[in-house]
Amino acid sequence: MSLKKEYDDIPGTFVFDADRSREGYQLNQFCISLRLQKNRDVFNADEAAYLDKYAMTPEQRGAVLRRDWNGLLMLGGNIYYTSKLAANDGINFQELAGLMTGMGSEAYRAMMLGGGRSPEGNRYQHEWDEKEQS
Amino acid sequence: MARITAGVGCSHVPAIGVAMDQGITGQPYWEPCFAGFEASREWMKKAKPDVIFLVYNDHCTAFDASCIPTFALGCAPEFNPADEGWGPRPVPVVRNHQKLASHIAQSLILDEFDITIMNEMEVDHGLTVPLSVMFGEHGPEDTWPALVIPLAVNVVQFPPPTGNRCFNLGKAIRRAVESFDEDLNVVIFGTGGMSHQLQYKRAGLINKDWDQSFLDRLTSDPVGLSQMPHVEYLREAGSEGVEMVMWHVMRGALDEDVVEVHRHYHVPASNTAVGHIILENKTG
């Protein structure tokens, strides 16, 4: 039996379902460990040594070290976990969104003050594909 | 007997808590967000709940990926504010009505809602921000004006429970409360939302029309609203907007007919549309 993923055609979105959770388990467990100051201290002293404690894939490990925020999501990370790594770096949710969208903090903040990203044209992947072609 | 007299729907955006903790709520960015809670704080003073049953979600703070309960009821004597990566919020320890909480746990399980019992748990902004906005500033040495029973709902790993399941759980919570002998005034909070997406390239999605319709239907069509499929939340209200399912627990615990006594809606708080509503049972 397979469950139909009706949400796969939503553009610019990862839905953190069981498949993603399975893939990202070690990555997400690493991220949540940074919730505590004592762990942040150890991680910040020697990132590579700290990461050795988690059986991540080389791709996940590389994405952590490069702070490839979208790469982390692609490899099974969830935003509530990856935001712990961002918080360690002094990056809040809004600044992180500025990075993930590629807009930068100022433009992203201005968009939010203007009422946010409209759902118009942002509901289905084909709407983004058509925009790209035109 | 104990009774549920009213319900509160309320966003729990972490930045709202940060703004209160840093004392910057009067800044132009924040002023309109907080102005809408002034009437709510007056209402809370009049409503004087003995106990708040607070439905919220943990944001990968108390629960890591090793164990993901769909519904987890806080049965500990108290709950400390958690360090979420930037230090614990400077707010009071949350005290439980432990006897009522364990009564509700037993009642729910016998009513076929197989909830998880939490005898130790820290609480994050999902629980403390609604208390802050509704009660105003309280420091770590203060006491919250009400006891709080936390119900943590998984909305992080898809799928969260359906709106229908949440609505029916609300009904079961009401039955549990009403079978408790002590004379208690209970107010139920459903928290989270409204529309927001925190991640990837569609981050920043806000859907005002959808949000307003959701608020309208809490009084005009609560049962129909609870039937909304998950994919509609994800598409229309953003990937994190799906946490709105938690408002159905609150709505299900109230009378069929309720009176909307207050509403507030503001965009933005950080990445999120702030929504808030107070609903009273006509029967009081």
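Just the heavy atoms: all of them, side chains too, but no hydrogens, waters or symmetry mates, feed the values below. These numbers come from a predicted model, not from an experiment. Chain naming here is simple, since letters A, B, ... match the order of the sequence lines and numbering starts at 1 in each.
- No other option in B:Ser66, B:Ala269, B:Ala237 has as many heavy-atom pairs under 4.5 Å with chain A as B:Ser66.
- Judged by distance alone, the side chains of A:Tyr50 and A:Ser33 do bring a donor and an acceptor atom under 3.5 Å apart.
- When heavy atoms are compared at a cutoff of 4.5 Å, A:Met74 approaches chain B solely by way of its side chain, counted from C-beta outward.
- Inter-residue side-chain proximity for B:Met246 and B:Val155 is flagged as met; some heavy-atom pair is nearer than 4.5 Å.
- The distance between the ring centers of B:Phe189 and B:Trp247 does not fall below 6.0 angstrom.
- Within the 4.5 Å cutoff, no side-chain heavy atoms of B:Asn168 are placed close to those of B:Arg165.
- Contacts between residues 6-28 of chain A and chain B, counted as heavy-atom pairs separated by less than 4.5 Å, involve A:Glu6, A:Tyr7, A:Asp9, A:Ile10, A:Pro11, A:Gly12, A:Thr13, A:Phe14, A:Val15, A:Phe16, A:Asp17, A:Ala18, A:Ser21, A:Tyr25.
- Note: B:Val156 leads B:Asp209, B:Val242, B:Val156, B:Thr272 in heavy-atom pairs under 4.5 Å with chain A.
- Annotation: maximal heavy-atom pairing with chain A below 4.5 Å, among B:Asp64, B:Leu234, B:Val267, occurs at B:Asp64.
- Within the 4.5 angstrom heavy-atom criterion, only side-chain atoms of A:Trp128, from C-beta onward, approach chain B.
- B:His276 and B:His12 have their aromatic ring centers separated by at least 6.0 angstrom.
- Between B:Arg89 and B:Asp83 no salt bridge is recorded (no basic side-chain N to carboxylate O distance below 4.0 Å).
- Between B:Val129 and B:Pro14 there is no side-chain heavy-atom pair separated by less than 4.5 Å.
- Checked against the 6.0 Å centroid threshold, B:Phe214 and B:His248 count as a close aromatic pair.
- The choice from A:Arg109, A:Glu120, A:Lys5, A:Arg40 that makes the most heavy-atom pairs within less than 4.5 Å of chain B is A:Arg40.
- A heavy-atom distance below 4.5 Å is not found between the side chains of B:Ile68 and B:Phe63.
- Both the backbone and the side chain of A:Met112 come within less than 4.5 Å of a heavy atom of chain B.
- Looking at B:Pro159, there are no atoms closer than 4.5 Å to chain A (heavy atoms on both sides), in backbone or side chain.
- B:Val249 has its side chain out of reach of B:Phe167: every pair of non-hydrogen atoms, C-beta onward, lies at least 4.5 Å apart.
- Side chains of B:Pro268 and A:Leu113 form a contact here, defined as non-hydrogen atoms less than 4.5 Å apart.
- No hydrogens or angles considered: nothing links the side chains of B:Tyr56 and B:Asp124 as a donor-acceptor pair under 3.5 Å.
- Between the side chains of A:Gln125 and A:Asp129, at least one donor N or O lies within less than 3.5 Å of an accepting N or O.
- The residue among A:Gly115, A:Gly98, A:Gly116 with the most heavy atom pairs within less than 4.5 Å of chain B is A:Gly115.
- Residues from residues 193-208 of chain B that place a non-hydrogen atom less than 4.5 Å from a non-hydrogen atom of chain A comprise B:His196, B:Gln197, B:Leu198, B:Gln199, B:Tyr200, B:Lys201, B:Arg202, B:Ala203, B:Gly204, B:Leu205, B:Ile206, B:Asn207, B:Lys208, given in numerical order.
- Side-chain rings of A:Tyr81 and A:Phe30 stay apart, their centers remaining 6.0 Å or farther from each other.
- Only the side chain of A:Ile32 comes within contact range of chain B, with heavy atoms under 4.5 Å apart.
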